[in-house]
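Below, read A as the first sequence line, B as the second, and so on, with proteins coming before strands; counting in each chain starts at 1. Computed from a prediction, not measured in an experiment: that's the story for all the values here.
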Amino acid sequence: VERPRHQGMAKNTYMRWRLPLVCLLWEVAMIVLFGVFVRFGAEADAHWEEEKREMNLTSDIENDFYFRYPSFQDVHVMIFVGFGFLMTFLKRYGFGAVGFNFLLAAFGIQWALLMQGWFHSFKDGKIFIGVENLINADFCVGSVCIAFGAILGKTSPIQLLVMTLFQVTLFSVNEYILLNLLHVKDAGGSMTIHTFGAYFGLTVTRVLYRPNLEQSKDKQGSVYHSDLFAMIGTLYLWMYWPSFNSAISDHGDAQHRSAINTYCSLAACVLTTMAFSSMLQKKGKLDMVHIQNATLAGGVAVGTSAEMMLTPYGSLIVGSISGIVSTVGYVYFTPFLESRLHIQDTCGIHNLHAMPGLIGGIVGAITAAAATEDVYGKEGFIKAFDFTGVYQTRTPSVQGGFQAAGIMVSLLMAFVGGAIVGGILKLPIWGDAAAENCFEDGVYWEVPEDEESDVYHMHNPDKPASP
Amino acid sequence: VERPRHQGMAKNTYMRWRLPLVCLLWEVAMIVLFGVFVRFGAEADAHWEEEKREMNLTSDIENDFYFRYPSFQDVHVMIFVGFGFLMTFLKRYGFGAVGFNFLLAAFGIQWALLMQGWFHSFKDGKIFIGVENLINADFCVGSVCIAFGAILGKTSPIQLLVMTLFQVTLFSVNEYILLNLLHVKDAGGSMTIHTFGAYFGLTVTRVLYRPNLEQSKDKQGSVYHSDLFAMIGTLYLWMYWPSFNSAISDHGDAQHRSAINTYCSLAACVLTTMAFSSMLQKKGKLDMVHIQNATLAGGVAVGTSAEMMLTPYGSLIVGSISGIVSTVGYVYFTPFLESRLHIQDTCGIHNLHAMPGLIGGIVGAITAAAATEDVYGKEGFIKAFDFTGVYQTRTPSVQGGFQAAGIMVSLLMAFVGGAIVGGILKLPIWGDAAAENCFEDGVYWEVPEDEESDVYHMHNPDKPASP
Amino acid sequence: VERPRHQGMAKNTYMRWRLPLVCLLWEVAMIVLFGVFVRFGAEADAHWEEEKREMNLTSDIENDFYFRYPSFQDVHVMIFVGFGFLMTFLKRYGFGAVGFNFLLAAFGIQWALLMQGWFHSFKDGKIFIGVENLINADFCVGSVCIAFGAILGKTSPIQLLVMTLFQVTLFSVNEYILLNLLHVKDAGGSMTIHTFGAYFGLTVTRVLYRPNLEQSKDKQGSVYHSDLFAMIGTLYLWMYWPSFNSAISDHGDAQHRSAINTYCSLAACVLTTMAFSSMLQKKGKLDMVHIQNATLAGGVAVGTSAEMMLTPYGSLIVGSISGIVSTVGYVYFTPFLESRLHIQDTCGIHNLHAMPGLIGGIVGAITAAAATEDVYGKEGFIKAFDFTGVYQTRTPSVQGGFQAAGIMVSLLMAFVGGAIVGGILKLPIWGDAAAENCFEDGVYWEVPEDEESDVYHMHNPDKPASP
């Protein structure tokens, strides 16, 4: 029983050959490239016993696996359940939110293992991977999930796969420039993941501007239960964010400290979000959109500085501010961006990732610039900022400057990359839906003919109740 | 489209200035107090390299972070997703359940870090925190989440924040009396978290008794999907309870043993709950209320004794009994408490936390009193009960007596504290809703005007179908 | 307000005495058997301090708890939330899916601790348990959850408990034959868990064939939100599968490698599943059934080989193939099995577990047969395949042969065991529902009389809209 639907004049959303072709081609490419390049790192290779002797390790527990695997799994949950369910708030786009997020992330982590591998784990013509590579691949894909939030409901799965290919590539280049060339610290990715990912996504959605999007306005809201599904995403992101920010920090105190700072920042962020959500509403009622999103800004905003000696009260301050900025953004900036700048930002990533990401980069620069041997200890100071080798003589204030430069580079990469990729996605070959069919799972998914859907049509003023 | 609603004569639920004021004031207070008092503990501080040498640790993996962080994250999930979603069973109070739980817990953990810090981690005028403090803060807030269950749907967010402030304070005092003054063991918190939290909440709800609550009777039930949301909460509490009871036990065998005992107790509890749920029903059908709640009693009931040599079969016995007691409680005690004692216990915390908490305290006292050097080994005996220093000469039976005293103190604190705090919450300034608007998200939340809600009104006999 | 319902002539689904009796009898049996047999293993016993000295361990972190507990918790989530929610896709069987899965798993893990304990952890008349036993018990129960998928909606809770008792027993025997007698490697359980569990379940459902099942055809589909609930199950299975396959591997490189291989295989599997889901549909739309299930085949298919040197690109190949096979299975094999072979497979376990399980066994045999000292290193080679003691002289190709024999034994056990157990379950005493009441929670559960249910009846052509 296919519902009658106007697919728009020039819009062909038929995926039967295009989507399989892209998926299969790319998977074959992954297999070939993995075959040529990817091997197990020393700690995952069966030669580990010999390795262990060479590295003078007394126990298997010294394997990096045990330092990072629990954090890896938390990050993994954030990418697939966290981002996936956070975006299920739309009443008729739950399949697309969870399903396309699943698709693009599963592809993205493969391509990220290669791209990041070439830059960071390449030796004698091979990429050697371990648990840290898995975390970094998830991180990289996180930036794509963020960008997906801006274009949610308006793009075809093929567009998402194409965007993922390019964005992962650009992410890896940007990350290489920041971490290796500028020698910047950014373990929780305020700059590399959030600033880059969000401004990239915002640029793409600007290029893909749809002037007639109000035709699907009735589908851009939530229903009661879709808001609860979204809260699953919110809470998993919120709870596991300490793992996100500490996952690739140095063993020991740095991981420990990152988790504490992030925990504090996020706790504070919830209170200021609730305060402003109620305050900015004439009726004083809380808005689920704010609770679902702005409560997370505290995690983004300490992404760079969490592993530094930000201190717990510093984290509370940063978290408080970012909750306020993010909530204010949802109330005032998002409508402004849409009406004046033609930036249609479905999930409000500008408020959750872009602005808090900038805050995170700036806080990181300040915290680095303010570092002293007194606060960190002589050894801790060198270890925290990796002031070894050619960076032996770098001072905190210089480091702060480079951190600030990292923000600029990330922004530049996002704007230029987003413009180019947006242009590619604008080509009329990718099968995106017409404006009146946006935010509707039925375009790309077999949707059960259920009661809710019937009821929905019954109350939908634009369509006849039954054919 | 605001629905017409009688807010009750004297009831003003307008939150616009009061809620932001409380949130912001308290967050500012937290920032100031954290600034004055809270610092990183040695294992999270950048001086860790030097510390490591001093403590003669050979590897970063010896950092307490790696012993406790996975358990911490499990506990974190229990507090925010576990308790939050467990309470979403009400058909129209899902936002309040998850959202207010989020709010009070996020505030509570900050205040708990301070309160518990002053009692347990205070040195030279500073509180030094690490991962164990984060776990303890979550634990402390857990007792507030429990109390929240009793008053769910009947209180304003401000009341919840006020209650959190007081309850965290009283919790910390009670915990200090038990752990430090009485030298009682209670790693899983049968007494400090469950007994105290539940009787505190029951006393509060008694003081706040609403004689006309049957006016919102139609909203006190569940709908099909809200019961499934609640099962998410149930299962995460159930699965991660072994982490809860072992999270702050001594390194090594004690953590290991706690997890095993809790695993066994919970497994047994499921079977007896199912048995009695069916048996106590004329039609013999299973009741989701029991499955959602009574299956968890086994975790509560081994909270004190899990780290002791309770043995796996002992755990099965305790779990079996607590499942029965809890299910019987839902069927017989809850109606009795409401009709005779005027204790309106929305979630039935008397059955899930109060009675099993008492069982847990008693089982702990007995297990401690029955301890022998033979069973524990000479060193293990001393380590398990910390029979060192001034407690060097304490015998198991004396320990058992002190454990029992711990139950009494917790009960006393709960009743007295609950009565006072209940009295404070009764003041007519906090913005709670009228009886006919209880259990209704629309009072404090922007609720989407969705189909379900329309259908709901259609079937609601008390209100006209459409305005 | 009981809905009028034809319970079928000979069908008595009244559970009031039968279900409690079975639950309580069995729990008492567990308590007695645990009392006689089960004790804490050395690493969970209070004598650990002395043990540690004897084993020359320098730190508590060497306790197996810290190597395996995070993976244990992930596996635990897979069994209870993963399998439980995966099966909530049916519109009116969510309580049964989550609730009965909870019941059978809680019972099954107790019985598995005993059965597997007698075979593997028995010493001086006692079973000594630790975290690895908990994982293995969860694994064992996983095979029952798989079989449950085939008979979902068509059996009474008593039948499920009876099946669990027998299947856990047979699982343990089969596992003993494979691991101990054939000296086969199968850490992720492609053979012991998936092949055995799935073919066992398929045989049971064949024996229980219901010719009139189309009478409940209207309840065999999903509704929009039930598909989202199912995605929670899917994602938790998908994300935590690396933990599943690595949970009981050797410490160090083997655990590390298992996680990487599984991560890669699952990522590839998502892409080929999406490709074929779209390709095999005339309209080219994606089908949630495939996304919910076939994306997981990649985890099953590397269950045996993940801890071997399968290599990341090998994992991609295996994952790609299994996604294709599984999706094709849903489209073509499932209807064939039902119409021609009378195998009614509610969840399609043939596609998700049976075929990928076979692939996993075969890939394991090939990978083992292809092993060389060059690839594994001299020590790694011996350690990976445990070529010590009487197996010192076994060659890779012989090992490959034994691995293949393991598949055959598992199949044989599944068919014979399934036929016998199916016969037992066919006895007319267990209280299963009539065909027209299958896939309906109302038979065994108190179901809230909610709007959705009313709407549902309204649209149900077979029943009058209101009584």
Measuring heavy-atom distances to chain B, does [X] have an atom under 4.5 Å in its side chain, in its backbone, in both, or in neither?
| X | answer |
| --- | --- |
| A:V375 | backbone |
| A:Y240 | both |
| A:L57 | neither |
| A:C264 | side chain |
| A:K282 | both |
| A:D374 | backbone |
| A:A268 | both |
| A:T295 | side chain |

So, taking the atom named [atom1] in [X] and the one named [atom2] in [Y], what distance separates them when rounded to the nearest 0.5 Å?
| X | Y | atom1 | atom2 | result |
| --- | --- | --- | --- | --- |
| A:L271 | B:L104 | CG | CG | 10.0 Å |
| B:M30 | A:I317 | CE | CD1 | 13.5 Å |
| B:R68 | A:H256 | CZ | NE2 | 10.5 Å |

Look at the side chain of [X] and the backbone N and O of [Y], then say whether any donor-acceptor pair between them is shorter than 3.5 Å.
| X | Y | answer |
| --- | --- | --- |
| B:Q110 | A:A267 | yes |
| B:R16 | A:K283 | no |
| B:H225 | A:H225 | no |
| B:R39 | A:T311 | no |

>> side-chain contact (heavy atoms from CB on, under 4.5 Å), that's the test. Do A:F67 and B:N63 meet it? Break it down for me.
In response: CA-CA 10 Å; A:F67 286 90; B:N63 193 305; over 6 Å; no

With a 4.5 angstrom heavy-atom cut-off, is it the side chain or the backbone of [X] that approaches chain A, or both, or neither?
| X | answer |
| --- | --- |
| B:D60 | both |
| B:L33 | neither |
| B:W17 | side chain |
| B:D441 | side chain |
| B:F107 | both |
| B:F80 | both |

>> A:H251 vs B:Y66, test: side-chain contact (heavy atoms from CB on, under 4.5 Å). Steps then yes/no.
In response: CA-CA 10 Å; A:H251 293 172; B:Y66 302 103; 4.0 Å; yes

Considering all heavy atoms of both residues, which atom of [X] and which atom of [Y] are nearest to each other, and what is their separation?
| X | Y | answer |
| --- | --- | --- |
| B:I61 | A:I61 | CD1-O, 3.6 Å |
| B:V443 | A:K285 | O-CE, 3.6 Å |
| B:A46 | A:R257 | N-NH1, 3.1 Å |
| A:M279 | B:P20 | CE-CB, 3.6 Å |
| A:I260 | B:G130 | CD1-CA, 3.8 Å |
| B:M15 | A:S278 | O-OG, 3.4 Å |

>> Among B:I79, B:V77, B:D74, B:V75, exactly one meets side chain to side chain contact (heavy atoms under 4.5 Å, CB included) together with A:M239. Which residue is that?
In response: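 The option that passes is B:V77.
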
Name the member of [options] that forms the most heavy-atom pairs with chain B at distances under 4.5 Å.
| options | answer |
| --- | --- |
| A:I291, A:L228, A:T234, A:D250 | A:L228 |
| A:G319, A:P70, A:P312 | A:P312 |
| A:G377, A:G380, A:C269 | A:G377 |
| A:E307, A:Q292, A:M308, A:E62 | A:E62 |

Tell me which of these, [options], has more heavy-atom pairs under 4.5 Å with chain A than the rest.
| options | result |
| --- | --- |
| B:L161, B:V98, B:I109 | B:I109 |
| B:L19, B:D45, B:V131, B:L24 | B:D45 |
| B:F34, B:W48, B:F40 | B:F40 |

> B:Y69 and A:S71: side-chain donor and acceptor closer than 3.5 Å?
Replying inline: no

> Does the side chain of A:S243 come under 3.5 Å of the side chain of B:Q73 through a donor N or O and an acceptor N or O?
Replying inline: yes

> Would you call A:K378 and B:E50 a salt bridge, using N to O less than 4.0 angstrom?
Replying inline: no

> Under a 4.0 Å N-O cut-off, is there an ion pair linking A:E379 with B:R53?
Replying inline: yes

>> Over 60° means perpendicular and under 30° means parallel, so tell me whether A:Y224 and B:F95 are parallel, tilted or perpendicular.
In response: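 Geometry flag for B:F95 against A:Y224: parallel rings.
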
> Going by the angle between their ring planes, with limits at 30° and 60°, are B:H76 and A:W238 parallel, tilted or perpendicular?
Replying inline: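 Plane angle under 30°, so parallel.
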
>> The test is side-chain contact (heavy atoms from CB on, under 4.5 Å); show your working for B:F85 and A:I232 and say whether it passes.
In response: CA-CA 9 Å; B:F85 273 89; A:I232 297 174; 3.4 Å; yes

>> Quick one, B:D138 with A:Y263, criterion side-chain hydrogen bond (donor to acceptor under 3.5 Å, both in side chains). Give me CA distance, side-chain angles, the key distance, then yes/no.
In response: CA-CA 11 Å; B:D138 272 27; A:Y263 177 94; 2.9 Å; yes

>> When you compare the side chain of B:I31 with that of A:S320, does any pair of heavy atoms fall below 4.5 Å?
In response: yes

> Under the side-chain contact (heavy atoms from CB on, under 4.5 Å) criterion, do A:Y313 and B:V32 qualify, and how do the steps go?
Replying inline: CA-CA 8 Å; A:Y313 75 90; B:V32 171; over 6 Å; no

